[in-house]
Amino acid sequence: MATAISLPCTPVITPRACNCNPRRLVHVSAARGSRTRGGGRVGLRSPTVPAAAGASASSPGLASDTGGAPAWDALGGVSVVAAGTGNAVALTDLWDSTEGVAVVALLRHFGCFCCWELASVLKDSIAKFDSAGAKLIAIGVGTPEKARILADRLPFPLDSLYADPERKAYNVLGLYHGLGRTLFNPASAKIYSRLDYIKEATKNYTLEATPADLTGVLQQGGMFVFRGKELLYSWRDEGTGDHAPLDDVLSACRKIPVV
């Protein structure tokens, strides 16, 4: 039986509060990158994640000793846990480091109703990712057991789902964290235009997927597209439900590198 939806991450805002701040995105060369309509930047050169990417009280950014290392290098020590097997795997081992294209989608946490919506969109777009030659890697905050609740009830393919209980990938990539970003950010106003889809995506929703460590519910997500070791696209959610535009993500997947 479906559990009635409680809104643990409902933003306390009005629909008219929609003046969003520009995203703190990976910078790429102006000669070989282009601005997308979603605020992200799609590039063909290897951008770096600044040591202070998104750094503020709500976003730790990269550790200072990374010195602006490329995102691939910064992720080198990060492992995630496969939802299907419970086994830890290095995140950068999940796609071919030479020419493989990967969409790394970092959800908030497995008990967030907005993330059930995003997971539903990603699931419905797998054929599009396949046609673009991209592998989908969806990661959420929580344990593999919590991930399997989402996978079973949404449903969502287990072989594309991973857990990051300690939020290591989120911290390395400088994704936002905190009460203000979770509940009060104006960027969250866009969920009001998607309420019908959210209702459909969460018809089997349950709070049981919420992580036991409640600091995880304050984590914001993001979206990254890699071609091998090259980071082509970066999006950091400004607030709850502030998801990357799917068309921009697919456009990044289809970018042909300039030699």
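Just so it is clear, the values below take in all heavy atoms, side chains as well, and ignore hydrogens, waters and symmetry mates. These numbers come from a predicted model, not from an experiment.
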*Asks:* Using the salt bridge (Lys or Arg N to Asp or Glu O under 4.0 Å) rule, collect all pairs that involve residues 161-174, keeping only residues at least two apart or in two chains.
*Replies:*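 For residues 161-174: E166-K168.
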
*Asks:* To the closest 0.5 Å, what do you measure between CG (L136) and CG (D130)?
*Replies:*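 Going from the CG atom of L136 to the CG atom of D130 covers 9.0 Å.
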
*Asks:* Do Y205 side-chain atoms and G111 backbone N/O form a donor-acceptor pair below 3.5 Å?
*Replies:*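 Present.
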
*Asks:* On a heavy-atom basis, which atom in I137 and which in L91 lie closest, and how many Å separate them?
*Replies:*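 Looks like CG2-CD1, 4.4 Å.
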
*Asks:* Does the side chain of Y176 come within less than 4.5 Å of N185's, by heavy atoms?
*Replies:*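 Heavy-atom side-chain distance check fails, nothing below 4.5 Å.
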
*Asks:* Is the backbone of C115 close enough, under 3.5 Å, to the side chain of R108 for a donor and an acceptor to pair up by distance?
*Replies:*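 No, the answer is negative, given that no donor and acceptor are paired below the 3.5 Å cut-off.
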
*Asks:* Grouping I, L, V, M, F, W and Y whenever their side-chain heavy atoms are under 4.5 Å apart, do L158 and L122 come out in a common cluster?
*Replies:*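 The answer is no; the residues belong to distinct hydrophobic clusters.
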
*Asks:* Out of curiosity, S125 OG to L250 CG, how far, rounded to the nearest 0.5 Å?
*Replies:*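 Answer for the OG-CG pair, S125 versus L250, is 6.5 Å.
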
*Asks:* Return the set of residues passing salt bridge (Lys or Arg N to Asp or Glu O under 4.0 Å) with K128 (not counting sequence neighbours), or none when no residue passes.
*Replies:*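 Partners of K128 by the salt bridge (Lys or Arg N to Asp or Glu O under 4.0 Å) criterion come out as none, since no residue qualifies.
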
*Asks:* Who are the side chain to side chain donor-acceptor pair (under 3.5 Å) partners of S97, not counting sequence neighbours?
*Replies:*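 Scan of S97 (side chain to side chain donor-acceptor pair (under 3.5 Å), adjacent residues dropped) gives none.
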
*Asks:* For A88, does its backbone N or O pair with a side-chain atom of Y162 as donor and acceptor, under 3.5 Å?
*Replies:*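 Side chain of Y162 to backbone of A88: no pair is present.
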
*Asks:* Just to verify, what does D124 make a side chain to side chain donor-acceptor pair (under 3.5 Å) with, not counting sequence neighbours?
*Replies:*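 Per chain and number, D124 pairs via side chain to side chain donor-acceptor pair (under 3.5 Å) with Y197.
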
*Asks:* Can you find a heavy atom in the side chain of E230 that is under 4.5 Å from one in the side chain of K255?
*Replies:*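 Counting from C-beta outward, E230 and K255 never come under 4.5 Å.
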
*Asks:* Within this structure, what is the OG1-CG distance for the pair T206 and L150, rounded to the nearest 0.5 Å?
*Replies:*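 These two atoms lie 10.5 Å from each other.
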
*Asks:* How would you list, by chain and number, every residue that makes a ring pair (Phe, Tyr, Trp, His ring centres under 6.0 Å) with F226, sequence neighbours excluded?
*Replies:*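 Per chain and number, F226 pairs via ring pair (Phe, Tyr, Trp, His ring centres under 6.0 Å) with W95.
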
*Asks:* Report yes or no: does R181 contribute a side-chain atom to a donor-acceptor pair with the main-chain N or O of D237 at less than 3.5 Å?
*Replies:*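 Judged by distance alone, no pair lies under 3.5 Å.
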
*Asks:* I need the minimum non-hydrogen distance between L154 and S120, along with the two atoms involved.
*Replies:*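 For L154 and S120, the tightest heavy-atom pair comes out as CD2-N, 3.7 Å.
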
*Asks:* Between V81 and L173, is there shared hydrophobic-cluster membership here, with clusters defined by ILVMFWY side-chain heavy atoms closer than 4.5 Å?
*Replies:*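 Different hydrophobic clusters.
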
*Asks:* Nearest heavy-atom pair of V103 and A134: which atoms, and what distance?
*Replies:*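 V103 and A134 have their closest heavy atoms at CG2-CB, 4.1 Å.
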
*Asks:* Could you go through the side-chain contact (heavy atoms from CB on, under 4.5 Å) check for F224 and L75 one step at a time?
*Replies:* CA-CA 12 Å; F224 300 83; L75 287 170; over 6 Å; no

*Asks:* Shortest non-hydrogen contact from R254 to A132?
*Replies:*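 Shortest heavy-atom separation between R254 and A132 comes out as CG-CB, 3.9 Å.
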
*Asks:* Could you give the distance from OG1 (T202) to CH2 (W116), rounded to the nearest 0.5 Å?
*Replies:*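 Here the rounded value is 8.5 Å.
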
*Asks:* Quick check for you: to the nearest 0.5 Å, what is the distance between D73 atom CG and K229 atom NZ?
*Replies:*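 Reported to 0.5 Å precision, the distance equals 7.0 Å.
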
*Asks:* Mind checking whether L183 and T240 have side chains closer than 4.5 Å, heavy atoms only?
*Replies:*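 Result no, sub-4.5 Å side-chain heavy-atom pair not found.
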
*Asks:* For Q220 and L175, work out which heavy atoms get closest and say how close.
*Replies:*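 Taking Q220 first and L175 second, the nearest heavy atoms are O-CB, 3.7 Å.
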
*Asks:* From K123 NZ over to L118 CG, what is the distance, rounded to the nearest 0.5 angstrom?
*Replies:*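 That separation rounds to 12.5 Å.
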
*Asks:* For a 4.5 angstrom cut-off between non-hydrogen side-chain atoms, does F129 reach V101?
*Replies:*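 No. Closest side-chain heavy atoms not under 4.5 Å.
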
*Asks:* State whether the side chain of H177 and the backbone N or O of T215 hold a donor-acceptor pair below 3.5 Å, judged by distance alone.
*Replies:*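 It does hold such a pair.
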
*Asks:* For residues 138-149, please give each side-chain donor-acceptor pair under 3.5 Å, one per line with the distance, not counting sequence neighbours.
*Replies:*
| residue | atom | partner | partner atom | Å |
| --- | --- | --- | --- | --- |
| T143 | OG1 | E145 | OE1 | 3.2 |
| T143 | OG1 | K146 | N | 3.3 |
| K146 | NZ | E208 | O | 2.7 |
| K146 | NZ | T210 | O | 3.3 |
| R148 | NH1 | A83 | O | 2.6 |

*Asks:* Determine the minimum heavy-atom distance between A244 and Y233, stating which atoms define it.
*Replies:*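 That would be CB-OH, 3.7 Å.
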
